Amino acid sequence: MPELPEVEIVRRALEEQVVDKTIESVDIYYPNIIRTPSDVEEFKWLIAGQTIRSIGRKGKYLLLYMDQVTLVSHLRMEGKYIFTEQNQTSFDKHIHLVFRFTDKSLLQYRDVRKFGTMDLLPQGKEQSFMPLKKLGQEPIDPDFDQQRFKNRVQSKTVPIKQILLNQEIVSGLGNIYVDETLALSKIHPLRTGNSLTDQELDQIITAMKQMLEKAIEDGGSTIRSYESFYGKGSMQDHLAVYGRTGQSCLFCGASIEKIKVGGRGTHYCPVC
DNA sequence: CACGAGTCCTGCAGGC
DNA sequence: TGCCTGCAGGACTCGT
């Protein structure tokens, strides 16, 4: 499941593959992927003729900047982009959208769970697009405001696990990297925000950063069906707790436990 | 305001 | 063998 590092890998791939290409048309096989505009025909009409100028990323959102519009794409669980040079007319059943470029190359969007979303907004309007506007800073942002982060966490009464998953507090972390961050910081996922000391939050900040930077370097994690453009990342081989229920902790040897926190599967070492 | 629960969707695991 | 149930998960909406 793509989190910040995986989305960053996709961003880099798209940057190499589709920048400067002009969209001739879009085939849509599953319209529910498109949220904005609500009329799919309008989506097709607005995007036709647009040239992709650059690829950005904010948290787990991909931004495809074009001449008059910006496409905001969220891959959610299993969304992925597949670029092919040659023309094609039939696709596997999980391809829900195909961008056809004027040079006959294609960009296919594949999403088994159909959870991904796309919003096409007028150029510049993506700034005020709600989910993006409310997004918290990324831990790897050089301007990351540590004090503000600490204050917001300490004002909350819910478990730290849920707080780190809240994209409005800090963006880019998903279930895997939150569990890993807490394991690395040696902080129990059920500890509430207001119970954490400044020092413990410093550990969390350091761990988040380290985690994400290493994951990007490793080409992302390949969990379940997720694969990046350039094949598989290797980060999954370095996970300390995620998906290791019952296996022994890398730090102390105790058996990794799995519980539910805020409705999410949560892995941790009961000793560390 | 803050939080919990329900929703979307499909492949896969487990039970019988 | 094959059906049925439940689970996974990000972010949004709705209800308390």
Side-chain angles (χ1 to χ4, degrees), chain A residues 1-8 10 28-38 40 57-63 72-81 91-97 109-119 121 126 128-136 138-139 151-182 189-195 208 212 215 220-227 236 239 241-246 256-268:
Chain A
M1 43 221 90
E3 302 183 24
L4 187 153
E6 291 76 28
V7 178
E8 175 59 21
V10 174
I28 299 171
Y29 301 102
Y30 182 76
N32 289 359
I33 297 288
I34 317 265
R35 293 193 306 190
T36 318
S38 50
V40 176
R57 181 187 58 74
K58 227 186 150 195
K60 304 179 205 170
Y61 291 86
L62 277 170
L63 294 105
V72 180
S73 166
H74 197 303
L75 306 174
R76 291 288 174 89
M77 323 295 299
E78 309 202 10
K80 64 184 75 168
Y81 284 101
F91 304 94
D92 99 26
K93 63 173 179 173
H94 299 302
I95 301 292
H96 306 309
L97 209 118
Y109 178 72
R110 185 176 197 272
D111 190 344
V112 173
R113 294 272 152 86
K114 299 181 174 174
F115 265 30
T117 59
M118 290 189 197
D119 295 270
L121 306 161
E126 71 277 1
S128 52
F129 177 58
M130 252 327 180
L132 286 186
K133 194 181 176 186
K134 295 203 294 188
L135 220 51
E138 301 174 2
N151 292 343
R152 293 184 74 184
V153 171
Q154 287 170 335
S155 73
K156 293 202 168 284
T157 57
V158 293
I160 183 64
K161 161 88 181 195
Q162 278 172 264
I163 299 173
L164 295 182
L165 279 175
N166 183 343
Q167 303 297 303
E168 294 179 30
I169 307 294
V170 59
S171 66
L173 300 185
N175 210 32
I176 301 172
Y177 294 123
V178 168
D179 284 2
E180 292 302 309
T181 292
L182 292 175
L190 285 175
R191 291 278 304 282
T192 59
N194 59 5
S195 80
M208 286 192 293
L212 294 178
S221 297
T222 306
I223 296 285
R224 298 206 176 182
S225 60
Y226 182 76
E227 265 179 56
Q236 70 278 5
L239 301 179
V241 290
Y242 188 89
R244 299 191 64 246
T245 311
I256 301 297
E257 292 186 8
K258 182 173 182 181
I259 54 171
K260 253 199 188 328
V261 182
R264 302 272 158 60
T266 300
H267 313 71
Y268 73 104

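All figures in this text were calculated on a predicted structure; none of them were measured in a lab. Chain A is the first sequence line, chain B the second, and so forth, proteins listed ahead of strands; every chain is numbered from 1.
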Find the distance A/E168:CD to B/dC3:C1' and express it as a whole number of Å.
-> 13 Å
Minimum heavy-atom separation for A/G174 to A/L165, with atom names?
-> C-CD2, 3.4 Å
Through what angle, rounded to 10 degrees, does the axis of the helix from B/dA2-C/dT16 to B/dC16-C/dG2 turn between its ends, using five pairs per end?
-> 50°
Any donor-acceptor N/O pair, A/E3 side chain to A/K60 backbone, under 3.5 Å = no
Whole Å only: how far is the CE atom of A/M118 from the P atom of C/dA11?
-> 16 Å
Short side-chain N/O contact to B/dC3 OP1/OP2 from A/T157, under 4.0 Å | yes
C/dC7 phosphate, OP1 or OP2: any side-chain N/O from A/K260 under 4.0 angstrom?
-> no
Below 4.0 Å: OP1/OP2 of C/dG10 and any side-chain N or O of A/H74 | no
Examine the side chains of A/S73 and A/Y81 and answer whether a donor and an acceptor come within less than 3.5 Å of each other.
-> yes
A/T117 near the nucleic acid: base, sugar-phosphate alone, or nothing, with a heavy-atom cut-off under 4.0 Å?
-> nothing
Nearest-angstrom distance from the residue atom CG of A/N166 to C1' of B/dA2 = 11 Å
Whether A/Q167 side chain and A/L173 backbone form a donor-acceptor pair below 3.5 Å | yes
Rounded to whole Å, the CZ-P distance (A/R35 to C/dA11) equals 10 Å
Counting only side-chain N and O atoms of A/Q167, is one of them less than 4.0 Å from OP1 or OP2 of C/dG10?
-> no
How would you list, by chain and number, every residue that makes a side-chain contact (heavy atoms from CB on, under 4.5 Å) with A/N32, sequence neighbours excluded?
-> A/Y30
Annotated protein contacts, base or backbone, on nucleotides 4-10 of chain B with a non-hydrogen cut-off under 4.0 Å, one of B, S, - each = S---BBB
Closest non-hydrogen contact found for A/Y109 with A/G116 is OH-CA, 3.4 Å
Sequence neighbours excluded, the answer for side-chain contact (heavy atoms from CB on, under 4.5 Å) partners of A/E126 is A/L63, A/Y65, A/T70, A/V72, A/L121, A/Q123, A/L132
Rounded interatomic separation in angstrom, taking NZ from A/K60 and C1' from C/dG10 = 6 Å
Between NZ of A/K134 and P of C/dC12 the distance, given in whole Å, is 7 Å
Any pair counted as salt bridge (charged side-chain N to carboxylate O under 4.0 Å, His left out), so long as it reaches residues 153-178 of chain A, sequence neighbours left out = A/K134-A/E168, A/K161-A/D179
Please identify each residue that fulfils side-chain contact (heavy atoms from CB on, under 4.5 Å) with A/R76, with sequence neighbours left out.
-> A/R35, A/H74, A/F115, A/T117
Euclidean distance, atom CD1 of residue A/I259 to atom P of C/dA8 [Å, nearest integer] | 13 Å
Rounded interatomic separation in angstrom, taking CD1 from A/I169 and C1' from C/dA11 | 15 Å
